[in-house]
*Asks:* 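Below: one structure in structure tokens.
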Amino acid sequence: MVSTGAPAQGGDGPWLVVPPSLRAVRLALGLSSQAVAERVGVTTACLLRWERRQRTPSPEAMAALASVLRLSVQQTAAFFVEGPEHPGVDDTLPGRGLRTLRRNLGVPTRRIADALGVTVRTVYHWEKGGTRLPVRLLAPLAECLGTKPDDLVEALRESTGGAPAPLRPNGELARLRQRAGYSQVQVAALLDVSRTTLRGWERGEVVPPWQAIRLMASFYRVPLAALAALAKAGTPSFLDPGTWLPGELPELLRVLRQWNGLTQAQVGEHCGTSSATVRGWERARQRPQPSQQRRLECLYHLPPDSLTHAYAASPPISGHANRDAC
């Protein structure tokens, strides 16, 4: 039998060793709360209440609990004599303020349940205060909400006294990722970077490279310019016509379109052609006609003839373009 704790008078002799914490005894035996609850025939939540002295088991349950924890019935009963109180180490947090927090951040219940590997009903129980949130789920919950674990703990604890404290999210990049339904692990794998690197971008600690900004804009389905602004990347130098070199037209047309948040179909409609033709321009299969080039320069607010410098060979038009095509 486990023999830890303070001695007390009991039925087995003049002194009885009382365990200071049933949780400590359980952990010393290498047992999880779920395993003990199943062997005793109760729910995990019921067992956790016993460990906090919030409830006292029936005589039958007391005997079963003592058997699983390798204690005598007298030792187990003596633990509950002191009355309800929390043990020295509490492994749960209040979850009553979770509903307001997730709604403010636009995170649905199903996403939280899937991220934590629990049922939607469990999340509802946390939000209603029926059960408390396990500390072991704090880190994945914070990631799901796009914030830091310490900030989440502070917000949840303050919520017990009134309205939940506002969360400090990692940043707008994290919000976009969550809205698109991606986890940090998934996006890091798609970008071929570490999760730590992605977290630094989302917290604004480091400005991501342009290649990563382009890919994230595509993943999150937002204009390239909008994502670059959120990443505090400024305006890229490759949008300056003075830096363009011969042969760069296909890549420039693609970048300009993405930067302005347009689809190939939208560009084609503006230029009086099809999306397949625009795709041909961006893949160097075709060249824009003179009238189409003028429309492109108008669409992207470029100086007249600025695209001419990016052609691989002799440009298809010469002289100053007529702006009437706009």
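This is a predicted model, so every value here is computed, not measured.
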*Asks:* Are the side chains of L302 and L256 in touch, meaning some heavy atoms are under 4.5 Å apart?
*Replies:*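 Side chain of L302 against side chain of L256, heavy atoms only: contact under 4.5 Å found.
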*Asks:* Taking side chain as C-beta onward, heavy atoms only, is L98 less than 4.5 Å from L133?
*Replies:* no
*Asks:* Identify whether L29 and V40 are in the same connected component of the hydrophobic contact network (ILVMFWY, side-chain heavy atoms under 4.5 Å).
*Replies:* yes
*Asks:* Do V255 and Y300 share a hydrophobic cluster, counting only Ile, Leu, Val, Met, Phe, Trp and Tyr and linking them when any side-chain heavy atoms are less than 4.5 Å apart?
*Replies:* yes
*Asks:* V187 versus L215: any side-chain heavy-atom pair under 4.5 Å?
*Replies:* no
*Asks:* Which heavy-atom pair separates T119 from T122 by the least distance, and what is that distance?
*Replies:* OG1-OG1, 2.9 Å
*Asks:* Measure across E297 and T308 and return the closest heavy-atom pair with its distance rounded to 0.1 Å.
*Replies:*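 Minimum heavy-atom contact is OE2-N, 4.5 Å.
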*Asks:* Kindly work out whether a path of hydrophobic side-chain contacts (I/L/V/M/F/W/Y, heavy atoms less than 4.5 Å apart) joins V120 to L145.
*Replies:*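 No, it is not one cluster - the side chains of V120 and L145 are not joined through contacts under 4.5 Å.
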*Asks:* Closest approach of L191 and A212, non-hydrogen atoms and distance?
*Replies:*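 Residues L191 and A212, closest heavy atoms: CD2-O, 4.2 Å.
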*Asks:* Check whether any side-chain heavy atom of V42 sits under 4.5 Å from a side-chain heavy atom of L65, and report yes or no.
*Replies:* no
*Asks:* What pairs with L190 under side chain to side chain contact (heavy atoms under 4.5 Å, CB included), at least two apart in sequence or on another chain?
*Replies:*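 Partners of L190 by the side chain to side chain contact (heavy atoms under 4.5 Å, CB included) criterion, ordered by chain and then number, come out as Y182, F219.
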*Asks:* Taking all atoms of both residues into account, what is the closest heavy-atom pair of Q178 and E143, and its distance?
*Replies:*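 Here Q178 and E143 meet closest at NE2-O, 3.4 Å.
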*Asks:* If two hydrophobic side chains count as joined below 4.5 Å and joins carry through other members, does L227 share a cluster with V206?
*Replies:* yes
*Asks:* Decide, yes or no, whether a salt bridge links E202 with R199 under the criterion of side-chain N to carboxylate O below 4.0 Å.
*Replies:* no
*Asks:* Less than 4.5 Å apart, side chain to side chain, heavy atoms only: is that true for W201 and I213?
*Replies:* no
*Asks:* Once salt bridge (charged side-chain N to carboxylate O under 4.0 Å, His left out) is applied, do any residues pair with E251, and if so which ones, sequence neighbours excluded?
*Replies:* R214, R254
*Asks:* Give the minimum heavy-atom separation between T197 and S194, together with the two atoms involved.
*Replies:* OG1-OG, 2.9 Å
*Asks:* Do you know the tightest heavy-atom contact between V68 and R39?
*Replies:* CG2-CB, 3.9 Å
*Asks:* State, with a plain yes or no, whether a side-chain heavy atom of T263 is found less than 4.5 Å away from one of S275.
*Replies:*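 No, every pair of side-chain atoms sits at 4.5 Å or beyond.
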*Asks:* Heavy-atom distance under 4.5 Å between the side chains of W50 and S33, does that happen here?
*Replies:* no
*Asks:* With a 4.5 Å limit on heavy-atom distance, are the side chains of P288 and L253 in contact?
*Replies:*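 They are in side-chain contact.
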